[in-house]
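These notes concern the structure reproduced below.
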Amino acid sequence: MLKHFLMIGNRLMLRRRVFTLINIFGLAIGLASCLIIMLWVSDELSYDRFHKGSDSIYRVTVFGKFEKLNFKTVYTPAPLPKALLEEFPQIGYATRLIIRPQHSLRRQEGGESLIEDYFAYADSSFFDVFSFRMLEGDPRTALSKPKSIVLTQSAARRWFGNENPMGKVLVENEMHHYTVTGVMDDVPKNSHMHFNMVASFVSIPYHSETSWLMQGSLTYFKLKPNQSIEPVNDSLQSFLMRHIEEEIQRSLGLDLEQFKASGQDYRYELQKLTDIHLHSNLDGELAPNGNITRVWLFSAIALIILLLACINFMNLSTAKAAARSREVGMRKVLGSYRTELVLQFLFETLLYVLIALALALLMVELAMPWFNSVAAKQLTIAMMFKGYFPFLILVMVVLCTVTAGFYPSVYLSAFEPAQVLKGQLLPRSGKAGLRRMLVVFQFTAAIVLIISTLVVYRQIEFIRNKDMGFQLHDVLVVKRVHGLGQNLDAYRDKVMKVDGVRQAGYALNLPGDELSTNSVGVEGRPVDQVNLMALMMADHHLAEALKLRIVHGRWFSAEEPSDSTAIVVNMAALRQLRIDDWRNAKVVTHGPKPNVFRIIGVVEDFHFESLHKTVKPIGILLRTNYWMNRMAVNVERGQMPYVLEQARRLWDGMETGQPFEFTTLDSQIGSFYSNEVTTSTIYTTFSALALIIAALGLFGLATHTIESRTRELGIRKILGASDGYIVRMLLLEFTRWVLYAALIAWPLAWWMMNRWLEGFAYHIHLSLNEFLLATVLTWGVAFLSVVFQSARASKLNPVEAIKYQ
């Protein structure tokens, strides 16, 4: 029977080449889209699951509310892990972690200094919580002593080649000597944390910090076997309050009851390790995380594209029912059962799907380099043949076969032999109506995707062109300038003499960097009026280098020694602190030793964070010592390559022993929106694929529609219809389908994109233009799909058309 089915299927494919190509190519695009998104989704869902007992590992996060400002951060106090182990018997191990970028290192024996990204510090229990495989050294003791360090395998090769790195010494920032005590596997790509080397936490002074309100490290813990997280969750808040009570009293002058009564909030929350990548977007994340909404969104888009391809198959199969009606009638007369006919038609569909799958795998292989570059992944087609993927592919093939083939097989096998052999088919109006509904669904999906693409593109352009409150473009950022030591002023003086440099200024952090946050108040007010303020450290020249706009007062002046106790705030800070007379106001930073700063100036609000967030209060303090981290160089338009080369040359001439590192301010800010750029690119690609599939199906359906109306068109021409009239008549029918689709797609797209834009504090407003343009583009595809067939139909010889069977 299978041989018979195969012979009939092959014969049918060869006889109907156009429909065969349309079906196979459409299904291949749908399958390829599903396969590549399945790989991406699988990778997103796999984050941090490679650790043994990953479901029992948790991260502690902090949530706080002061006045009207909330904060959520991953940073916790240094004494937290020890206290957790002492007070919660359910916890087996706990560790602190800090990951800092751009550490300058060199081998002790000498050689060039290089920048090592992702330099981590962790407690000795780090390898008890996380199951990174140690290749050399003892994981229990590798991080137990000060100035010990564990390298990843790739870092060990990079620094020591084929030498055994154990016992070798790396010098960090020309100050600290770290001895290699272990080599571990490279951190997998599907980890929310990435580092190339991890040093012992006891190597840094922060390890002995005792304050419960100073947050500087991440805290992870692992439950003991067969223990529940519920007892920890239930007691976590009372645990926190016991430990911070004394410091709250000392720094704010409030007991816990007064603190709570003042409307402030401060608490710990727990995150399961495997939830971090897709469900967390807190301040201080170790890397940009994914988003579970995007996972569902891209999965839905891929399934819609596959469904569009299946709809094409259903439409074309039922549309060509008349061509196979006599075959069905004869086979029933000769004794075939309906079940046998259904199986035959399903088998024919399976042939189409299998051929399309082979073509889809080729498409995935060709598209994989592009997709990896867009999505920042390292996916390979070989992953489809491992684990549960072969089973998923099998399920997808079966579902495609059933979805695309079941209805046509039931429909075709339902013909009655007597009626078919007399030339009478089943009533077609209902089936044609169903086909039109399916085509409308295709165009609805296409219009929604195009509108979404246009809105995402407009929002990204809005982000790129929005006034950030400072000069975004043509600003060179020299990193790690603290390596200059006491030569900061000398280096700036030399840079200022370079042609094309307008101004240069130093800062500890620039917009796009992570800023520290402090609780502050206003001198003379009740201490329970606590607010949060981000703090920047800058020199006398930064305002001019960034073109910050001073709206009241002045910037720091080298001629005013008292500016060391002054602060410049933004307008948001005045609003948050409810300061009317800024000239006579002083800001108090809370802590064991409160500091008082007089306000000397107010700058216009500027976006030092992404546009997902509103502008927060910020205070800028003068720093005149030699610990700076960034230098902002304002460059004349078109002079960036020359200035960069000169800045590099001057840096090398300072003989710091540190490599020259740089970025640009617009690149630094642009990193905030990598997810949006990826979404835009993938949206655009899938929208184009949806349109291609819809166009293929419409082309095939138009071909069938015109063939079935050939005799009608011939009669119309005999009665005087012109060629243009024939084209317009046929095109009008397909235009109606696009308009029906637009009526459905517009409200749906409006709701979807409004929800998406709510994720930005600053965003565009939806306009009619995107909706009209998407509809016109879709209509254009419909026009191109049918105009050729319509024009060919209008050229038919009326006499031949009337004879057409």
*asked:* For the backbone of Val477 and the side chain of Arg630, can you confirm whether one donor and one acceptor N or O come within less than 3.5 Å of each other?
replied: no
*Are any side-chain N or O atoms of Tyr491 and backbone N or O atoms of Leu484, one a donor and one an acceptor, separated by less than 3.5 Å?*
no
*With ring centroids as reference points, do His607 and Phe470 lie under 6.0 angstrom apart?*
no
*Between the side chain of Ser33 and the main-chain N/O of Ala302, is any donor-acceptor distance below 3.5 Å?*
no
_Atom pair CZ/CZ of Phe127 and Arg140 - distance to nearest 0.5 Å_ = 13.5 Å
*What are the two closest heavy atoms between Ala199 and Leu143, and how far apart are they?*
C-CD2, 3.8 Å
_Quick check for you: to the nearest 0.5 Å, what is the distance between Leu357 atom CG and Leu362 atom CG?_
11.5 Å
*Please indicate whether Tyr118 has more than 12 foreign heavy atoms, meaning atoms of other residues, nucleotides or ligands, lying under 6.0 Å from its OH.*
no
_If you compare all heavy atoms of Ile91 against all heavy atoms of Leu85, which two are closest, and at what distance to 0.1 Å?_
CG2-CD2, 3.8 Å
*Salt-bridged, Arg158 to Glu116, with N to O below 4.0 Å?*
yes
*Fit a plane to each ring of Phe132 and His51, take the angle between them on a 0 to 90° scale, and name the class: parallel (under 30°), tilted (30 to 60°) or perpendicular (over 60°).*
perpendicular
*So, does Asp513 use its side chain to make a donor-acceptor pair with the main chain of Leu510 at under 3.5 Å?*
yes
*Donor-acceptor pair, side chain of Asn289 and main chain of Ser280, under 3.5 angstrom*: yes
_Sub-4.5 Å side-chain heavy-atom contact between Thr179 and Ser148_ = no
*asked:* Go through it in stages, so that I can follow the logic: the residues are Tyr220 and Phe130, the test is ring-ring contact (aromatic ring centres under 6.0 Å, His included), and I'd like the CA-CA distance, side-chain angles, deciding distance and then a yes or no.
replied: CA-CA 9 Å; Tyr220 298 85; Phe130 301 104; 5.1 Å; yes
*Would you say the side chains of Ser217 and Tyr121 form a donor-acceptor pair under 3.5 Å?*
no
*Applying ring-ring contact (aromatic ring centres under 6.0 Å, His included), run through Tyr58 and Phe221 and close with a yes or a no.*
CA-CA 6 Å; Tyr58 291 82; Phe221 65 83; 5.8 Å; yes
*Could you verify whether a donor N or O on one side chain and an acceptor N or O on the other, from Ser56 and Gln227, lie under 3.5 Å apart?*
no
*Between Asp48 and Ser54, does any side-chain donor sit less than 3.5 Å from a side-chain acceptor?*
no
*Between Leu282 and Thr61, which heavy-atom pair has the shortest distance, and what is it?*
CD1-CG2, 3.5 Å
*Counting heavy atoms not belonging to Met654, are there more than 12 under 6.0 Å from its CE?*
yes
*Sub-3.5 Å donor-acceptor pair from the side chain of Arg96 to the main-chain atoms of His207, do we have one?*
yes
*Inspect the surroundings of NZ in Lys613 and state if more than 12 heavy atoms from other residues, nucleotides or ligands are less than 6.0 Å away.*
yes
_side-chain contact (heavy atoms from CB on, under 4.5 Å) assessment of Asp55 paired with Arg49_ = CA-CA 8 Å; Asp55 287 337; Arg49 296 185 183 277; 4.2 Å; yes
*Leu218 side chain reached by Leu286 side chain, heavy atoms, under 4.5 Å*: yes
*Output the distance between atom CE (Met396) and atom CZ (Phe389), rounded to the nearest 0.5 Å.*
9.0 Å
*Taking atom CG of Asn281 as the centre, does the number of heavy atoms from other residues, nucleotides or ligands within less than 6.0 Å exceed 12?*
no
_Atom CD of residue position Gln378 - does it have more than 12 heavy atoms of other residues, nucleotides or ligands inside 6.0 Å?_
no
*Sub-3.5 Å donor-acceptor pair from the side chain of Asn509 to the main-chain atoms of Leu515, do we have one?*
no
*Does the distance from a Lys or Arg side-chain N to an Asp or Glu carboxylate O, for Glu172 and Lys147, drop under 4.0 Å?*
no
*Dump the intermediate steps for salt bridge (charged side-chain N to carboxylate O under 4.0 Å, His left out) on Glu163 and Arg107, then the final yes or no.*
CA-CA 13 Å; Glu163 300 177 45; Arg107 292 183 59 168; 3.3 Å; yes
*asked:* Is the shortest side-chain heavy-atom distance between Leu542 and Ile620 below 4.5 Å?
replied: no
*Taking the side chain as every heavy atom from C-beta outward, state whether Met134 and Met184 have any pair of such atoms under 4.5 Å apart.*
yes
_Shortest non-hydrogen separation from Glu514 to Gly284 and the atoms involved_ = OE2-CA, 3.6 Å
*Does Trp370 have any side chain to side chain contact (heavy atoms under 4.5 Å, CB included) partners at least two apart in sequence or in another chain, and if so, which?*
Val374, Thr681, Thr685
*asked:* Under 3.5 Å, is there a donor on one side chain and an acceptor on the other for Thr678 and Arg294?
replied: no
*Grab the two heavy atoms, one from Val198 and one from Ala122, that are nearest each other, plus how far apart they are.*
CG2-CB, 3.6 Å
*Verify whether one side chain among Asp123 and Ser125 offers a donor that lies under 3.5 Å from an acceptor in the other.*
no
*Find the distance between CE (Met384) and CD1 (Ile393) and round it off to the nearest 0.5 Å.*
6.0 Å
*Hey, is the main chain of Ala142 close enough, under 3.5 Å, to the side chain of Thr181 for a donor-acceptor pair?*
yes
*Which residue pairs pass the ring pair (Phe, Tyr, Trp, His ring centres under 6.0 Å) test with at least one member in residues 153-185, sequence neighbours excluded?*
Phe119-Tyr178
*Atom of Gly216, atom of Tyr206 and distance for their closest heavy-atom approach*: N-OH, 2.9 Å
*Given side-chain contact (heavy atoms from CB on, under 4.5 Å), test Phe195 with Leu97 step by step and report yes or no.*
CA-CA 11 Å; Phe195 54 87; Leu97 176 69; 5.5 Å; no
*Could you go through the side-chain contact (heavy atoms from CB on, under 4.5 Å) check for Arg59 and His192 one step at a time?*
CA-CA 12 Å; Arg59 181 173 75 177; His192 83 283; 4.1 Å; yes
_So, taking the atom named CG in Leu535 and the one named CG in Leu621, what distance separates them when rounded to the nearest 0.5 Å?_
5.5 Å
*Inspect the surroundings of NZ in Lys72 and state if more than 12 heavy atoms from other residues, nucleotides or ligands are less than 6.0 Å away.*
no
*Distance-only, no hydrogens or angles: does the Asn634 side chain make a donor-acceptor pair with backbone N or O of Arg502 under 3.5 Å?*
no
*Test Arg623 against Met536 for side-chain contact (heavy atoms from CB on, under 4.5 Å), laying out the working first.*
CA-CA 9 Å; Arg623 172 166 278 187; Met536 283 183 67; over 6 Å; no
*Heavy atoms of other groups near Tyr93 OH, more than 12 under 6.0 Å*: no
*Can you measure from CZ (Arg464) to CG (Leu611) and round to the nearest 0.5 angstrom?*
12.5 Å
*With no hydrogens and no angle check, is any side-chain donor or acceptor of Ser299 less than 3.5 Å from a backbone partner on Val295?*
yes
*Could you check His279, His194, His277 and say which one makes a ring pair (Phe, Tyr, Trp, His ring centres under 6.0 Å) with Tyr47?*
His277
*Do the side-chain N and O atoms of Ser144 and Thr141 include a donor-acceptor pair separated by under 3.5 angstrom?*
no
